Protein chains: 2
Amino acid sequence: MNIGEVSERSGLPAKTIRYYEDIALVRPLRSANGYRSFRESDIHKLAFLGRARALGFSIEDCRILLDLYEDKSRESAQVKAVAEGHLTEIDNKIAQLKSMRETLSQLIETCHGDHRPDCPILKDLSGNT
Amino acid sequence: MNIGEVSERSGLPAKTIRYYEDIALVRPLRSANGYRSFRESDIHKLAFLGRARALGFSIEDCRILLDLYEDKSRESAQVKAVAEGHLTEIDNKIAQLKSMRETLSQLIETCHGDHRPDCPILKDLSGNT
DNA sequence: CTTGAGCTTCTAGTCACTGGAACCTCCACA
DNA sequence: TGTGGAGGTTCCAGTGACTAGAAGCTCAAG
């Protein structure tokens, strides 16, 4: 199967699929004309990658998860550890964003936002309390 | 004032300060020996940038905010608009992360995480329901 | 006069793609 | 048989906001 159809079926842009081959996440065969030739298992892998990326896993995490997926003697604890590490990162990011949000929304509230130049947002950024 | 002291006083790494000069966010003078020579106003700007970046504003937003800061005839509505745009982005990111978090934590809960290979996380990623 | 800290510039790497150029291949239709 | 266009190929460069590291210059203290 050619890359266009694989792109449709996996939901990933062709560029991304080529990139994933570049970094050896998938290894499609080649036809006589030089075109990539994807097997069902490649499409399956790509869809796996799409879902893992949608959950925010890094490419390196994806690589590990794919390896675990293909290792039938894996221990589920290994998978869980990767997922938990990622969950922690997500929690950290959420906490950071919430803290930014908090500060920012307070500043926005106190800014009258009209034609006058006086602005508590700039005041705060400039270090004035 | 040399970059080292400015780094300490502004809280920004020297590398970052040089980068900010590269992209013309600050324009320190130069001493006869070629060293950057920072005025108080440069330090002030850098501290401003540090705070704006800590609130998650992009470099381009920071550039706009700095310009507004220096434009004494600005309208506070302009500042507020930038801040509100950024707040919306933050909210979007938080929503996305929360949705990831939701899915991921549910998967983690159902994974027993022991020596057995059976794993609902991988099952889900592989498209099995 | 040496040593070491601190400064300079420059290049390249990060992450995960994405855009674009130049070129090749295939298939349908005239 | 020619042609046009869709779809494939590779390679290079850019994104954002730094960061690491190398090679070399300057300065102050001992």
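Convention: sequence-line order gives letters A, B, ...; per-chain numbering from 1. When reading the values below, keep in mind they use all heavy atoms of this one structure, side chains included, and skip hydrogens, waters and symmetry mates. All of these numbers come straight from a predicted model, not from anything done at the bench.
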Checklist line | Protein-to-nucleotide contact annotation, 5' to 3' order, nucleotides 19-30 of chain D [B base; S sugar-phosphate only; - none; under 4.0 Å, heavy atom] | finding: SBB----BS---
Notebook entry, point to check: Given Ser37(A) and Met1(A), is the side-chain contact (heavy atoms from CB on, under 4.5 Å) satisfied, shown in steps?
Noted result: CA-CA 5 Å; Ser37(A) 175; Met1(A) 194 178 312; over 6 Å; no
Can you list, pair by pair, the side-chain donor-acceptor contacts under 3.5 Å of residues 93-102 of chain B, counting residues two or more places apart and other chains?
| unit_1 | atom_1 | unit_2 | atom_2 | d |
| --- | --- | --- | --- | --- |
| Arg101(B) | NH1 | Asp91(A) | OD1 | 2.6 |
| Arg101(B) | NH1 | Asp91(A) | OD2 | 2.7 |

Item checked: Exam field: side chain Ser10(A) to backbone Leu46(A), donor-acceptor pair closer than 3.5 Å -> no
Next item on the list: Kindly say whether Leu12(A) contributes a backbone atom to a donor-acceptor pair with the side chain of Ser7(A) at under 3.5 angstrom?
Entry: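 Yes; judged by distance alone, with no hydrogens or angles, the pair exists.
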Notebook entry, point to check: Bend angle of the helix from dC1(C)-dG30(D) to dA30(C)-dT1(D) from five-pair axes at both ends, rounded to 10°?
Noted result: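 For the helix from dC1(C)-dG30(D) to dA30(C)-dT1(D), the axes at either end differ by 30°.
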Next item on the list: Verify the cluster assignment for Leu66(B) and Tyr19(B): are they in a single hydrophobic cluster under the rule of side-chain heavy atoms below 4.5 Å apart?
Entry: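 Same cluster.
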Next item on the list: Treating Ile, Leu, Val, Met, Phe, Trp and Tyr as nodes and any side-chain heavy-atom pair under 4.5 angstrom as an edge, say whether Ile90(A) and Ile59(A) lie in one connected cluster.
Entry: yes
Salt-bridge present ([X], [Y]; N to O < 4.0 Å):
| X | Y | value |
| --- | --- | --- |
| Lys80(A) | Glu75(A) | no |
| Asp118(B) | Arg116(B) | no |
| Arg9(A) | Glu40(A) | yes |

Only counting residues at least two apart or in another chain, list the ones meeting salt bridge (charged side-chain N to carboxylate O under 4.0 Å, His left out) with [X].
| X | result |
| --- | --- |
| Asp42(A) | Arg39(A) |
| Glu21(B) | Arg30(B), Arg36(B) |
| Glu60(B) | Arg63(B) |
| Asp71(B) | none |

Note to self: Students should find this one: the first and last nucleotides of DNA chain C, 5' to 3', lying under 4.0 Å from a heavy atom of chain A. What are they?
What the structure shows: dA16(C) to dC26(C)
Note to self: Run the ring-ring contact (aromatic ring centres under 6.0 Å, His included) test against Tyr69(B) and tell me which residues pass, sequence neighbours left out.
What the structure shows: Phe48(B)
Next item on the list: Please list, chain by chain and in numerical order, all residues satisfying ring-ring contact (aromatic ring centres under 6.0 Å, His included) with Phe57(B), sequence neighbours excluded.
Entry: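 With neighbours one apart ignored, the set is His86(B).
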Check: What are the residues of residues 86-100 of chain A, sorted by number, that bring a heavy atom to within less than 4.0 Å of DNA chain D?
Finding: none
Next item on the list: Mind listing the residues from residues 48-68 of chain B sitting with a heavy atom below 4.0 Å of DNA chain D? Number order is fine.
Entry: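 Nucleic-acid contacts, sorted: Arg53(B), Ser58(B), Ile59(B).
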Notebook entry, point to check: Base, sugar-phosphate alone, or nothing: which one does Arg18(A) contact when heavy atoms must sit under 4.0 Å apart?
Noted result: base
Margin query: From CD1 of Ile23(B) over to P of dC18(D), roughly how many Å is that when rounded to an integer?
Written below: 7 Å
